[in-house]
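Following: one structure in structure tokens, then a few remarks.
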Amino acid sequence: MNVSLEYLYHFCCDSCQGWWSHADIEPKPGDRYFCPHCGHCNTVDRVRTFRNSARGGCLRALPDPEPPQSMP
């Protein structure tokens, strides 16, 4: 079986708070994106990892808890 990984980034507009997603791109701080809802030009401040993005980002569900660490 072959398995492929897809990176999916969620963007939240600074102006209208609308959100959208892009796959397989790598946004970097300073990149600019136009909101597809209101047309506002947004500048990327930082890219959050999934575990941090649900806390104050576009996503509303909390991430899965960290798996327990195995003892060596």
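Since this is a predicted model, take the numbers as computed values, not measurements.
- Within the model, atoms OH of Y9 and OG of S21 stand 12.0 Å from one another, a figure rounded to the nearest 0.5 Å.
- Between the side chain of N42 and the backbone N or O of D14 there is at least one donor-acceptor pair closer than 3.5 Å.
- The side chain to side chain donor-acceptor pair (under 3.5 Å) test applied to T43 returns no partner, not counting sequence neighbours.
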Which side-chain N or O atoms in residues 25-41 pair as donor and acceptor under 3.5 Å with protein atoms at least two apart or in another chain?
unit_1: D31; atom_1: OD2; unit_2: K28; atom_2: N; d: 2.9
unit_1: H37; atom_1: NE2; unit_2: W19; atom_2: O; d: 3.1

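- L5 and V47 end up in the same hydrophobic cluster when Ile, Leu, Val, Met, Phe, Trp and Tyr side chains are linked at under 4.5 Å.
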